[in-house]
Undergrad: 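One structure is given below, represented as C-alpha cells, and several questions about it will come after.
Protein chains get the first letters and strands the later ones, always in sequence-line order, with residue 1 at the start of each.
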2 protein chains.
Amino acid sequence: MNKVDVNGLTEREFLAEYKPGDYDRPSVTVDMMVLRMKEDLSCMQVLLIKRKAHPEIDKWALPGGFINIKESAYEAACRELKEETGLTDIYLEQLYTMSQPDRDPRMRIIDIAYIALLPYGYEQSAVAGDDAKDARWFDVKFADEKLEFANDLIKIEYSLRSEKFKNGVITVENFVPVSVSDEKLAFDHDQIILEGLMRIRNKAEYTGIMFNLVPREFTIPDLLKVFEVLSGKEVHPKVFREKIAGQLVSLDRSQRPIVGRKPAAVYRYVDLNMDERKLVKVHKKYKNGVILTRAQPFHNGHLNMIKQAASECENLLVVIGSANKSYTKRNPFPIEYRKRLVENVLQEEDLSGADVKVMTLSDWSMEDAAQYVKEWGSFFYYNIANEIGEKSFTFYYNDDPKIAENWFTDDILKNVTIRNLGRSDIEISSTMIRDLLYKKDYDKVRDLVPRWMWKDLKQLGKILMDATNDDYMM
Amino acid sequence: MNKVDVNGLTEREFLAEYKPGDYDRPSVTVDMMVLRMKEDLSCMQVLLIKRKAHPEIDKWALPGGFINIKESAYEAACRELKEETGLTDIYLEQLYTMSQPDRDPRMRIIDIAYIALLPYGYEQSAVAGDDAKDARWFDVKFADEKLEFANDLIKIEYSLRSEKFKNGVITVENFVPVSVSDEKLAFDHDQIILEGLMRIRNKAEYTGIMFNLVPREFTIPDLLKVFEVLSGKEVHPKVFREKIAGQLVSLDRSQRPIVGRKPAAVYRYVDLNMDERKLVKVHKKYKNGVILTRAQPFHNGHLNMIKQAASECENLLVVIGSANKSYTKRNPFPIEYRKRLVENVLQEEDLSGADVKVMTLSDWSMEDAAQYVKEWGSFFYYNIANEIGEKSFTFYYNDDPKIAENWFTDDILKNVTIRNLGRSDIEISSTMIRDLLYKKDYDKVRDLVPRWMWKDLKQLGKILMDATNDDYMM
DNA sequence: TGAATAGTGTCTCTAAGACAATATGCA
DNA sequence: TGCATATTGTCTTAGAGACACTATTCA
C-alpha cells in the first residue's frame with residue numbers, strides 16, 4: 001500500500017508537503033427552510049429572519065450561517081437549527097446547493113440549503129439570533145402560480161413564471177419566482193423555498209414525510225389536513241384512511257381534532273423500522289428500571305436520565321414523589337398536574353421501545369428525620385415491588401450512591417441495583433427553573449424543559465406565584 | 001433604498017470596505033456519476049477514472065474537478081462532462097453535496113455530486129483526462145444488498161449494510177456500502193453512487209428519466225428493458241405499453257430491437273413541453289429554408305448551421321450536393337451513405353420543431369466553369385422549388401454572399417433570400433476531417449462530428465482509403 | 001419449421017373514487 | 001335538538017396483473 005506518484009512520493013510524503021492553494025476559494029454556508037403547520041392546519045409556515053447587516057439589509061431571509069471548518073454541513077444545519085429554534089431531533093434533509101457566482105455581492109458564497117420540519121402543537125416562538133433584527137413565522141400560500149409569504153405585518157408576494165429548459169432529451173419545466181410586491185426575500189432564498197416546497201409536495205405523495213409535521217399523537221382528520229396542505233390537493237377521507245391504515249396504530253383514546261368538532265380516535269405513527277427494535281427488547285441490560293423524581297417541575301435533566309434508563313431497561317417505572325405535597329414553595333405543582341405532564345412528555349419522546357409507566361408516591365411522613373431513612377427505603381421498595389409485580393429492579397439515582405444504599409436494608413439491597421449515570425444536575429435544575437419562572441424568563445426555561453411543556457410555561461409560572469405555604473424544613 | 005447598517009454604512013460603502021475573511025475556507029469540487037446503459041441493455045454502466053495522484057492514488061473514482069471561481073457548480077459539471085466525454089446537451093442533475101470534514105486527507109473539500117445520463121447507441125469511448133491514468137466503463141450490478149462495479153479487468157464489490165437513523169419522527173433506513181473486495185472506490189464515491197442509483201430508481205417510477213438513457217428513437221421492448229434495469233423490478237409488457245402510450249409517438253417504421261428478434265415499431269418520446277413550441281412555429285422568421293452541403297463528410301459545422309436555420313424556419317430543406325460523385329479523393333462517400341447519415345444525425349438532434357427534409361442533388365455537369373454559374377444556379381433553384389412546392393425560400397450560405405448572388409438570375413433573386421450566418425468553418429473542416437480520418441486520429445474527429453457518427457468513424461476511414469479516383473479539378 | 005420475441009385481446013382482482021348512511025360530541 | 005364532523009358501508013370505475021393467442025423474423 002505504499003504506492004508512489006509521478007514525483008516518487010508516497011501518500012504520507014505527499015500529504016506532508018501538500019499546501020492548499022492560494023487561489024480564491026468560495027465560502028460555504030448552510031441555510032434552512034424551517035417549516036411547520038399553522039395552528040389551524042390551514043397552511044404551512046416558514047421561519048424567516050430579518051437581516052441586520054449588509055448586504056440585503058432589512059430583507060427577510062432564511063436562517064443560516066457559515067460552516068465551521070471542522071463540521072459537516074449536516075452538523076452545521078443542526079447547530080443553526082438549535083440556535084434558531086432551540087430544537088434538536090428534528091427532521092432535516094439536504095435540499096439543494098446554490099452556487100451562482102454572483103448570488104452574494106460580497107464574495108463567492110456557496111450555500112447548502114436544508115429543509116427542517118417541526119411538528120405542530122408546541123408554542124414555538126421565533127427567536128432572532130445575533131445576525132437578525134427579527135424572526136417571524138410567515139404563512140406560506142403556494143397555489144395557482146402564486147407564492148406568498150404573509151403574517152400580521154408583512155406580505156411578500158411572488159408570481160411563478162414557468163421556464164422551460166432542455167435537460168437531455170426531456171424538457172424540464174422550472175418555475176421562477178418573480179417578485180410582485182414591494183418586498184422580496186434576500187438573495188436567492190425565494191428560489192430555495194420554491195424548490196423545497198416542490199420537493200415536499202413530491203415527497204408527500206410517496207413517502208411518510210407528513211408524519212414529521214404532526215406530533216407523536218394525532219387524529220386522522222388532522223393528518224389528512226396536513227397531507228392536503230402538503231400535496232396541494234383534496235383527498236377523499238375514506239381513501240386516505242385506507243391508504244395510511246397500515247402505518248398507524250390506534251391508542252384507544254379520542255380527542256377533539258384541530259379541524260373538527262366530534263372527537264376523533266388518536267393514532268400514532270408506526271415506524272416499521274422501529275418495530276424491529278422492539279423485537280430485540282429482550283437483549284437489554286436490565287429488566288426493570290426505576291426512577292424517582294419530584295418533578296417540581298419536570299425538566300430535561302429528568303428526561304435525559306429517563307431516556308438513558310429506557311435504552312437499557314425493558315420496563316421502566318417513573319415514580320413521582322411527594323405526591324402528598326402541593327402549593328408549597330418547594331413543591332408548588334399538584335400531583336395530578338405533574339403526573340399528566342410527565343406522561344404527556346414521555347409520549348412525545350423516543351424511549352427506545354421500553355415499556356414506561358408513571359406512578360405517584362407520597363412521602364414517608366418522617367422522611368426528613370435521618371434515623372428513619374431505612375423506613376423510608378422500605379416504604380419505597382415495597383410500593384415499587386408491588387407496582388411492578390417483581391422483587392428485583394435497578395434504581396437510577398444520580399446523587400451519591402452511598403445515600404441511596406443507606407435507604408435500604410441488607411435484605412432489600414439483594415434485590416435492588418443502584419445505578420448512577422454520573423449526572424447530578426437534577427435537583428439543582430428544578431430549583432433553577434422555579435427561579436426563572438418567578439422571574440418570568442420563559443425564553444431561558446424553554447432551553448431547559450421538554451418541548452411538550454413549552455405551551456404551559458405561563459400556567460406553571462402562575463401556579464408558582466400562588467404557592468405560598470412553607471415546606472417542612474429541609 | 002439607501003438603508004444603513006449598525007455602522008452607518010450604505011450597502012455600497014459596506015461592499016467597498018468588505019474583505020473576505022482570512023479564516024479557513026473549504027475547497028469546492030464537482031463530481032459526476034456518468035451513467036449509460038450497457039450495449040445489450042443488461043445493466044447500467046458508470047464511468048470511472050483511475051487516479052493518477054495522491055491521495056487515493058491508483059484508486060477508481062468519479063470524474064470531476066474544482067469549481068472555477070467564476071462558474072456555477074452546474075457550469076463546472078457541464079465543463080467537466082465535456083472534457084471527460086466530449087458530450088454536451090446531456091441530462092445533468094444535482095445529486096448531493098458531500099461535506100464530511102475528513103473526506104479528503106489534504107484539506108477540507110466539499111463536493112457537489114451530479115448525475116449525468118447518456119443515451120445508448122453511440123460508441124462512447126472513455127477518455128482519461130489529465131488527472132487520470134485510465135478511464136473505463138464499469139458494469140453496475142445493484143441488487144440483493146450488493147453493489148458491484150465490474151469490467152473485463154477489475155471487479156469492485158460492496159455489500160450494503162442497512163443503517164437506521166432517526167430523522168424527526170421517522171426512522172430512515174440508509175444503506176452504507178461496505179467494501180468486500182480488495183479494491184474500493186476513492187473517497188466517499190461509493191456512497192455517492194449508491195445515493196445516485198437510489199435516486200434514479202425512485203425517479204424511474206414517477207418521472208420520465210428513463211428517456212434520457214435511450215436515443216431519440218427506440219422500440220418499446222428496448223425501453224422496457226431500460227425501465228426494468230432502472231427500477232430494479234420486472235414489469236408486464238402490456239402494462240408498460242399502456243402506461244407510456246400517451247408519451248410516445250410512433251414513427252411508422254420498425255427496427256430490430258437490441259433485446260429481441262422480431263422487428264418492433266420505432267417510437268419517439270413526445271415531450272409535452274416541446275409540443276407547445278410546435279404550436280408557435282408559425283411565428284418563425286422564415287417559412288422555407290434551404291442549406292446546401294456536400295457532406296463529405298457531414299460535421300458539426302453543418303449541424304450548427306442546420307440547427308440555427310431550423311430555429312428560424314418553419315420548413316428546412318437540406319440539399320446534399322455532388323450526388324453523382326463517389327469514391328473520389330474529394331468526394332469519397334457515396335450519396336446513399338451520406339443521405340442516410342444526415343437523416344440519422346438530424347433525427348437525434350433538437351431542430352426546434354422545424355419540418356426538416358433531406359434531398360440529394362447532382363452537380364451541374366459544368367459547375368466548375370465560371371461562365372456557367374447562372375446555369376448551375378437555375379438548375380439548383382428549380383430543383384429546390386420543385387421539391388418544396390413553392391417559389392420562395394431563404395438560402396443559407398456561409399461563404400461570401402456575393403458568390404451565391406452571382407449564381408442566380410435577377411428574376412430568381414426576387415424569390416431567393418440569401419442568408420449568411422457568419423461562419424465559414426464549413427468547407428475547411430470537411431477537408432480537415434478527411435485528413436484526420438486518413439491519419440486514423442479518430443479521437444480528434446469525435447470532437448468535430450455529431451455523436452451519431454461516432455460509431456461509424458472506422459468505416460468512414462476505410463471508405464476514404466479506398467477512394468482513389470481523382471476529382472475534376474477544383 | 002421452430003425458437004424467440006412483438007404485440008393484442010380478454011379476464012380477474014384490487015384499489016381509487018364517489019356517495020350515502022350512521023355515529024357522536026358540542027353549542 | 002341540530003349542526004358539524006367522524007367513521008363506515010357500498011357501489012362504480014379504472015387500472016394493474018395474468019395469461020393466452022396471433023404475428024413476424026431469424027436460424
Undergrad: With B:Phe149, which residues qualify under ring pair (Phe, Tyr, Trp, His ring centres under 6.0 Å), at least two apart?
TA: none
Undergrad: Take atom CZ of B:Phe240 and atom C1' of D:dG15, then tell me their distance rounded to the nearest Å.
TA: 16 Å
Undergrad: C:dG7 P sits how many Å from B:Ile220 CD1, rounded?
TA: 7 Å
Undergrad: Expressed in angstrom and rounded to an integer, what is the separation of B:Arg241 atom CZ from D:dA16 atom C1'?
TA: 16 Å
Undergrad: What's the CD1-C1' distance between B:Ile258 and C:dA6, to the nearest Å?
TA: 16 Å
Undergrad: Report yes if some heavy atom in the side chain of A:Phe142 is under 4.5 Å from a heavy atom in the side chain of A:Leu160; otherwise report no.
TA: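 Heavy-atom side-chain distance check passes, below 4.5 Å.
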Undergrad: Can you sort out the partners of A:Asp144 under side chain to side chain contact (heavy atoms under 4.5 Å, CB included), two or more places apart, ordered by chain and number?
TA: none
Undergrad: Expressed in angstrom and rounded to an integer, what is the separation of B:Gln255 atom CD from C:dT5 atom P?
TA: 17 Å
Undergrad: When the distance from CD of A:Glu234 to P of C:dC19 is rounded to whole Å, what number comes out?
TA: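 Between P of C:dC19 and CD of A:Glu234: 13 Å.
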Undergrad: Show the atom names and distances, to 0.1 Å, of all donor-acceptor pairs under 3.5 Å that link a side chain in residues 206-215 of chain B to residues at least two apart or in another chain.
TA:
unit_1   : atom_1 : unit_2   : atom_2 : d
B:Tyr206 : OH     : A:Tyr206 : OH     : 2.9
B:Thr207 : OG1    : B:Lys203 : O      : 2.8
B:Thr207 : OG1    : B:Ile209 : N      : 3.2
B:Asn212 : OD1    : A:Val169 : N      : 3.2
B:Asn212 : ND2    : B:Ile209 : O      : 3.3

Undergrad: In chain order, what residues pass the side chain to side chain contact (heavy atoms under 4.5 Å, CB included) check against A:Pro237, with sequence neighbours excluded?
TA: A:Leu224
Undergrad: Please name all residues satisfying side chain to side chain contact (heavy atoms under 4.5 Å, CB included) with B:Ser231, sequence neighbours left out, ordered by chain then number.
TA: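 Result, side chain to side chain contact (heavy atoms under 4.5 Å, CB included) vs B:Ser231: B:Ala204, B:Glu205, B:Phe227, B:Lys233.
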Undergrad: Assign B:Pro237 to base, sugar-phosphate, or nothing according to its heavy-atom contacts below 4.0 angstrom with the strands shown.
TA: nothing
Undergrad: Distances under 3.5 Å only, N/O to N/O: pair up the protein atoms with those of nucleotides 10-14 of chain D.
TA:
unit_1 : atom_1 : unit_2   : atom_2 : d
D:dT10 : O4     : A:Lys238 : NZ     : 3.1

Undergrad: Measure from CD1 on B:Ile244 to P on D:dA16 and round the result to the nearest Å.
TA: 13 Å
Undergrad: Test of understanding: with side chain to side chain donor-acceptor pair (under 3.5 Å), list the residues that count as partners of B:Asn174, not counting sequence neighbours.
TA: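 If we apply the side chain to side chain donor-acceptor pair (under 3.5 Å) test to B:Asn174, skipping adjacent residues, there are no hits.
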Undergrad: Can you establish whether the number of heavy atoms outside A:Lys455 located under 6.0 Å from its atom NZ is more than 12?
TA: yes
Undergrad: Scan nucleotides 21-27 of chain D nucleotide by nucleotide, 5' to 3', and note B when protein non-hydrogen atoms come under 4.0 Å of the base, S if they reach only the sugar-phosphate, - if neither.
TA: --BBSB-
Undergrad: Roughly, in whole Å, what's the span from CG in B:Leu224 to C1' in D:dA16?
TA: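 Rounding to the nearest Å, CG of B:Leu224 and C1' of D:dA16 are 15 Å apart.
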Undergrad: Taking only residues two or more places apart in sequence, or in another chain, which ones meet A:Phe333 in a ring pair (Phe, Tyr, Trp, His ring centres under 6.0 Å)?
TA: none
